Amino acid sequence: MAGYAHYGTSFSSQDQRLPSDCLIACEAIDQGKCLDLVEETCSRVIDVHRVGISPAGAHIVSGWQIRGPRHARVGWKLLNLGEPLSLRLTDIPSQAPRPDYRRGAKHFVGILNQL
């Protein structure tokens with residue numbers, strides 16, 4: 001697995017400073033698989049494009065939602081990795097990169113992994 005950058009410092013994915021949810025989200029990118037995020041009221045399947053740190057210091061993921069709550073639209077989502085009750089890799093192949101994807105993002109102060 002690739003090494004990840006955290007606040008400008010490189011280290012391996014085995015480093016304990018990264019929460020397991022971040023490592024799973026990074027694996028989704030590396031393995032070309034979608035991520036299933038189970039929240040209190042729903043489940044979402046996300047085609048992960050970027051994992052990183054928000055300006056508030058939260059671990060976040062940017063991706064294309066392919067399945068989610070009935071009222072939610074398919075498309076780009078920015079989600080906090082601290083909120084899901086669980087997340088796991090699926091067997092659904094990634095279709096990344098999705099429309100309008102560009103490397104880097106203004107919503108991230110640090111990027112751990114991206115396409």
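In this chain, numbering begins with 1 at the start of the sequence shown. In this text the structure is predicted, and so the values were computed from the model without any measurement.
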Kindly give the heavy-atom pair with the smallest separation between [X] and [Y], and that separation in Å.
{"X": "Leu112", "Y": "Cys22", "value": "CD1-SG, 4.1 Å"}
{"X": "Leu87", "Y": "Ala25", "value": "CD1-N, 4.4 Å"}
{"X": "Arg88", "Y": "Leu35", "value": "O-CD1, 3.4 Å"}
{"X": "Pro97", "Y": "His49", "value": "CA-NE2, 3.5 Å"}

Mind checking the [atom1]-[atom2] spacing from [X] to [Y]? Nearest 0.5 Å is all I need.
{"X": "Glu83", "Y": "Glu40", "atom1": "CD", "atom2": "CD", "answer": "10.5 Å"}
{"X": "Cys26", "Y": "Arg50", "atom1": "SG", "atom2": "CZ", "answer": "12.5 Å"}
{"X": "Leu37", "Y": "Ser43", "atom1": "CG", "atom2": "OG", "answer": "7.5 Å"}

Any [X] side-chain heavy atom under 4.5 Å of [Y] side chain:
{"X": "Ser62", "Y": "Lys77", "result": "no"}
{"X": "Asn113", "Y": "Asp30", "result": "yes"}
{"X": "Val51", "Y": "Ile111", "result": "no"}
{"X": "Ile46", "Y": "Ile66", "result": "no"}
{"X": "Pro84", "Y": "Asp21", "result": "no"}
{"X": "Gln31", "Y": "Leu89", "result": "yes"}
{"X": "Trp64", "Y": "Tyr101", "result": "no"}
{"X": "Ile60", "Y": "Leu78", "result": "yes"}

**Request:** Let me see the working for Arg98 and Asp47 under salt bridge (Lys or Arg N to Asp or Glu O under 4.0 Å), right down to the final yes or no.
**Result:** CA-CA 8 Å; Arg98 295 291 182 141; Asp47 197 349; 3.0 Å; yes
**Prompt:** Does the pair Ser54 and Val109 meet the rule for a side chain to side chain contact (heavy atoms under 4.5 Å, CB included), with working shown?
**Reply:** CA-CA 6 Å; Ser54 74; Val109 295; over 6 Å; no
**Request:** Show your reasoning for whether side chain to side chain contact (heavy atoms under 4.5 Å, CB included) applies to Arg44 and Val38.
**Result:** CA-CA 6 Å; Arg44 300 174 189 272; Val38 177; over 6 Å; no
**Message:** Would a single hydrophobic cluster contain both Leu23 and Leu85, if residues Ile, Leu, Val, Met, Phe, Trp and Tyr are joined by side-chain heavy-atom contacts under 4.5 Å?
**Reply:** no
**Message:** Can you confirm whether more than 12 heavy atoms, excluding those of Arg67, are under 6.0 Å from its CZ atom?
**Reply:** no
**Prompt:** Within the distance-only criterion (no hydrogens, no angle test), does the side chain of Thr90 pair as donor or acceptor with the backbone N or O of Cys34 below 3.5 angstrom?
**Reply:** yes
